[in-house]
Amino acid sequence: MELIIDRLTKQYHSKIAVDRISIKLQQGVYGLLGANGAGKTTMMRLVCGVLKPDSGTVTLDHLDVSTEEYRAKIGYLPQDFGYYPDFTGMDFLLYMAALKGIKKKRAKHRANELLELVSLREEAGKKIKNYSGGMKQRLGIAQALLNQPQLLVLDEPTAGLDPKERVRFRNLIAEIGKENIVILSTHIVSDIEHIADTILMMKDGQFIYQGKWDESQGDLEKFYLKQFEENVYE
Ligand SMILES: Nc1ncnc2c1ncn2[C@@H]1O[C@H](COP(=O)(O)OP(=O)(O)OP(=O)(O)O)[C@@H](O)[C@H]1O
């Protein structure tokens, strides 16, 4: 399994949000780190085919991002995901499954399986408006997994999670990353330093660091902050 991003570029008026990015990803967890405005969301939307690039390509095992076959292989949790507050967790998953064209019987089975995986089985019948931030986030991940994606893209999934939720989230992602490609974005180093196999650090639409990070290289947080130091006084 290989995701190949080749010279991917996206510009909004005079702002180049993603600037000729090239990278090859195999299975594992990738932590996309960058300050606000670095281009993380734009990159993720391009990888999910929600946004069309100005130039460059994205392929998963030779399938182009613009194809139905590619779409069938990905799961996406956007930053501001719209949950329906009066739906129960189960209703919501069945609704999302219908949108994804999954047959009813299969959808019910898969929804139960996923509610178990994200530890929401007991809350499946409760309305989403009564869910905590972490519970909503786990439900969001469950909907992204409905079609058993080979590529899972999560935009700032750790926002608003309490410490206990974080541990649970980390374990879940590590499990999914064993067999799939997972890309998750954040601007907080501690959210990903123990969960990502590979760090992708973004600034001004480009990767300024990509690779594994181990403690012998020093403190990732210090390194990260140093990259943005010149912006502190702006
Ligand atoms: N629809 C748009 N129209 C114009 N400019 C945009 C648009 N979307 C993003 N931008 C700009 O492109 C740049 C990258 O934005 P992007 O949202 O990808 O960054 P980000 O790293 O995800 O930041 P955040 O953490 O705030 O979501 C920013 O300068 C942003 O203002």
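One-based numbering, in listed order, for ligands and for the atoms of each.
Under the side-chain hydrogen bond (donor to acceptor under 3.5 Å, both in side chains) criterion, the residue pairs touching residues 179-188 are Asp155-Ser185, Glu156-His187, Thr186-Asp191, with sequence neighbours excluded.
Under the 4.0 Å criterion applied to side-chain N and carboxylate O atoms, Arg71 and Glu68 are not assigned as salt-bridge partners. A salt bridge does not link Lys212 with Asp197: every distance from a Lys NZ or Arg NE/NH1/NH2 to an Asp or Glu carboxylate oxygen is 4.0 Å or more.
When only non-hydrogen protein atoms are considered, atom 29 (O) of ligand 1 lies nearest to Lys15 CE, 3.2 Å. Nearest protein heavy-atom contact of atom 1 (N) of ligand 1 is Tyr12 CE2, 3.6 Å. Protein heavy atom in closest approach to atom 27 (O) of ligand 1: Thr41 OG1, 3.3 Å. Looking only at heavy atoms of the protein, atom 18 (O) of ligand 1 is closest to Thr42 OG1, 2.6 Å. Ranking protein heavy atoms by distance to atom 14 (C) of ligand 1, first place goes to Gly37 O, 3.3 Å.
The proximity of His13 to ligand 1, defined as any non-hydrogen pair under 4.0 Å, does not occur for either the backbone or the side chain. Only the backbone of Ala35 comes within contact range of ligand 1, with a heavy atom under 4.0 Å; no side-chain atom does. At a heavy-atom cutoff of 4.0 Å, ligand 1 is contacted by no atom of His187, backbone or side chain.
For the pair Glu156 and ligand 1, a heavy-atom separation below 4.0 Å is found. Residue contacts with ligand 1: Gln79 is included, with a non-hydrogen atom under 4.0 Å away.
A side-chain donor-acceptor contact under 3.5 Å links Thr88 and Asp91. A donor-acceptor pair shorter than 3.5 Å can be found between the side chains of Gln79 and Thr41.
Note: Met90 CE to Asn112 CG = 4.0 Å, rounded to the nearest 0.5 Å.
Under the 4.0 Å distance rule, the nearest protein heavy atom to atom 31 (O) of ligand 1 falls outside the cut-off.
Checking Ile195, Leu151, Ile173 one by one against Val182, the side chain to side chain contact (heavy atoms under 4.5 Å, CB included) holds for a single residue, Ile173.
At a 3.5 angstrom cut-off on N or O pairs, Gly39 counts as close to ligand 1.
Between Phe81 and Phe92, the ring planes are perpendicular. Angles over 60° get that label, and only those under 30° would be called parallel.
The atoms of ligand 1 that sit less than 4.0 Å from any heavy atom of Lys40 are 18 (O), 19 (O), 20 (P), 21 (O), 22 (O), 23 (O), 25 (O). Against a heavy-atom cut-off of under 4.0 Å, Ala38 is close to the following atoms of ligand 1: 19 (O), 20 (P), 21 (O). For ligand 1, the atoms closer than 4.0 angstrom to any heavy atom of Ala17 are 12 (O), 13 (C), 14 (C).
Leu8 places a side-chain heavy atom less than 4.5 Å from the side chain of Val58.
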Only pairs under 3.5 Å count here: list side-chain donor-acceptor contacts from residues 95-104, not counting sequence neighbours, and write none if there are none.
residue	atom	partner	partner atom	Å
Lys100	NZ	Gln143	O	2.8

